[in-house]
Amino acid sequence: MKYQPVIGLEVHVELKTKSKMFCGCSADYFGTEPNTHVCPVCLGLPGALPVPNRQAIDWCRMIGLALNCQLASFSKFDRKNYFYPDLPKGYQISQYDIPFCDKGEIILSSDKKIGITRVHMEEDTAKLMHQLGISNFHFPKETTFPISNKEKYSLIDFNRSGVPLVEIVTEPDFENSQEVVEYLKKLQQIVRYLDVSNADMEKGDMRLEPNISVREISNLKSQISNELPKYKVEVKNINSFRFVEKAINYEIQRQGELLDKGKTPIQETRGYDEVHNRTVSQRTKEEAQDYRYFPEPDIPPIRISESQISNLKSQIPELPTEKKNRFIKDYGLREDQAFQLVETRKIADFFEEAVKIGKKFGIEATAIANIMINKRVDWSRMLPAELVEAIVKSKREDLPAMELENIISEIIKKEGSAVTNYKRGKSGSMEFLVGKVMAQTKGKGNPNQIRQKIIEKLGEKS
Amino acid sequence: MAKFDIRHTAKLANLGLSSEEEEKISRELEEILSYVNKLNEVDPDLIGVEPTSHITGLENVTRPDETSPSLTQTEVLQNSKNTHNGMFKVPAILEDL
Ligand SMILES: [Zn+2]
């Protein structure tokens with residue numbers, strides 16, 4: 001049987017604000033001593049009052065705008081209730097029915113649109129570390145359950161608790177893992193262009209949760225063709241593009257095999273086991289999640305005016321796709337060249353600066369693009385002007401020897417009086433001859449080398 | 001109104017209730033719910049009051065992205081009986097792959 005995968009994606013992006021989402025603790029937790037960026041708010045102590053970070057809200061909205069979303073003029077925070085030790089309050093402050101942004105899209109290279117359902121703001125949880133070791137819990141006297149002294153335990157560091165997190169949810173529009181990876185690379189590039197997150201996978205700045213189901217191709221032509229499968233499998237917290245690709249491919253195969261046997265895959269949450277390249281069912285509650293969302297009573301609603309939206313729009317830099325199209329149009333680059341040069345803002349800015357300087361030396365933008373892409377020169381540690389200088393120099397050396405010989409002979413013939421003056425000891429005449437040769441080569445060739453050649457030539461004649 | 005599912009609610013709230021407590025709280029909560037449900041009978045157009053989740057009238061209460069001092073690790077951990085290497089120590093969380 002042939003199946004068509006139906007894949008949606010949830011991505012969590014950690015913002016790089018200085019402070020946390022609802023308190024003034026530093027949000028820069030990576031590699032810090034545990035529980036040193038913590039206060040009553042992010043520790044969930046009773047009576048603490050969360051106050052939202054307006055920079056984080058603006059950045060969330062900018063991500064939405066960059067993904068062509070609508071911004072909600074009126075929005076609010078909600079409590080998402082569940083129990084887990086990484087969540088000290090017993091709820092996460094998130095957004096439920098009125099996210100800051102919704103109804104956006106990302107367009108893939110195939111022109112396929114991936115719908116963005118919503119972009120909302122929430123807080124990160126604490127970090128849990130699982131250990132196996134001797135336990136020395138001080139349980140209350142009335143504790144009756146048996147406790148062995150060799151217990152597994154978990155350790156909690158609250159430095160990450162309350163760090164601003166933006167969740168970006170797509171429609172189930174992906175049909176294969178390659179589309180997912182392309183989308184993720186685009187999303188990562190956009191948040192980096194916006195400069196709102198480092199989006200460093202290895203540091204956990206971006207966490208991926210694909211949901212996967214498959215439907216029979218034979219059903220596609222029938223009337224229910226657009227109906228989604230009755231189940232979906234969520235794979236949690238993947239932190240690399242390669243693993244997300246592998247996890248999706250594994251799930252497509254696994255679910256296809258189950259359907260071949262006439263079984264319907266169970267709706268569940270699975271984890272990706274990178275060692276064995278497989279997904280494994282996570283023993284979670286059988287009952288459907290019931291988060292009992294309700295409006296966060298501690299945080300008044302958030303409103304944005306049209307003029308504030310225009311102001312945010314004006315802060316959005318030229319994004320990769322626009323920049324790529326402009327590079328093709330303005331500099332005559334090929335699509336693949338432009339694509340490579342807009343990979344990061346830094347590369348794109350370097351290129352444009354080099355083009356500006358190169359213009360003064362008659363160097364084409366395409367020549368600069370070629371050298372940057374082919375990496376014939378290691379420009380990563382150069383200034384744009386230094387790259388241009390290197391190109392000018394290599395161009396001089398590129399002048400074919402024969403051509404130079406011919407030009408020199410021609411000039412010596414033509415400028416007889418200058419040659420005579422030089423032979424009489426007028427050194428300025430040599431510079432005049434070199435200048436004439438350079439004019440003929442249109443700046444190519446090394447002046448010292450040309451001078452040497454003229455002297456040789458004149459020596460031969462006398 | 002459907003009978004209030006006290007067991008489900010207690011489970012979600014991580015509460016262990018005795019059968020007497022279940023009985024008592026179930027009855028009390030049903031009363032509260034039916035009382036609150038009266039609000040649904042109000043026609044907002046008639047009284048000119050929009051439904052809201054906030055009554056203070058405040059909006060956009062936010063703060064600039066500035067850091068302020070956090071507690072020390074000692075202060076953070078002082079009320080916990082189980083700590084290890086500067087962290088809170090809790091019974092193992094099942095996260096088996
Ligand atoms: Zn804090």
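Convention: sequence-line order gives letters A, B, ...; per-chain numbering from 1. Since the structure is predicted, the reported quantities are computational estimates derived from the model, not experimental observations.
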B/D65/A/K20 salt bridge by N-O under 4.0 Å criterion |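 Not counted as a salt bridge, because no side-chain N and carboxylate O are separated by less than 4.0 Å.
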salt_bridge(B/K24, B/E22) N-O dist < 4.0 Å |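 Salt bridge flag = no for B/E22 with B/K24.
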May I ask you to check whether A/F77 and A/F100 place their ring centers less than 6.0 Å from one another?
->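 Between A/F77 and A/F100, the centre distance is under 6.0 Å.
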Kindly state whether the ring of A/F158 and the ring of B/F88 have centres lying under 6.0 angstrom apart.
->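 Yes, ring centres under 6.0 Å apart.
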So, the side chain of A/D78 versus the backbone of A/I98: is there a donor-acceptor pair under 3.5 Å, distance only?
->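 Judged by distance alone, no pair lies under 3.5 Å.
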Can you tell me which portion of [X] sits under 4.5 Å from chain B's heavy atoms? Options are side chain, backbone, both or neither.
{"X": "A/I302", "result": "both"}
{"X": "A/C23", "result": "backbone"}
{"X": "A/F74", "result": "side chain"}
{"X": "A/I57", "result": "side chain"}
{"X": "A/P40", "result": "both"}

Max heavy-atom pair count under 4.5 Å with chain B, selected residue of [options]:
{"options": "A/S75, A/P34, A/P295", "answer": "A/P34"}
{"options": "A/D157, A/V38, A/D86", "answer": "A/V38"}
{"options": "A/A27, A/P52, A/C39", "answer": "A/P52"}
{"options": "A/K18, A/K76, A/E33, A/Q55", "answer": "A/K18"}

Structural part of B/E59 lying under 4.5 Å from a heavy atom of chain A =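 When you check distances to chain A, atoms from both the backbone and side chain of B/E59 fall under 4.5 Å.
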Heavy atoms only, distances under 4.5 angstrom: which of B/T56, B/N85, B/T67, B/T52 has the most pairs with chain A? Name it, please.
->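 Going by pairs under 4.5 Å, I would pick B/T67.
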Hey, does the Lys NZ or Arg CZ of A/K80 hover above the aromatic six-ring of A/Y293, less than 6.0 Å from the centre and inside 45° of the axis?
->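 No.
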Tell me whether the guanidinium CZ or amine NZ of A/R79 lies under 6.0 angstrom from the six-membered ring centre of A/Y91 and within 45° of its axis.
->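 That pair qualifies as a cation-pi contact.
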Going through the distances and angles, do B/T9 and A/R292 end up as a side-chain hydrogen bond (donor to acceptor under 3.5 Å, both in side chains)?
-> CA-CA 10 Å; B/T9 307; A/R292 295 154 297 143; over 6 Å; no
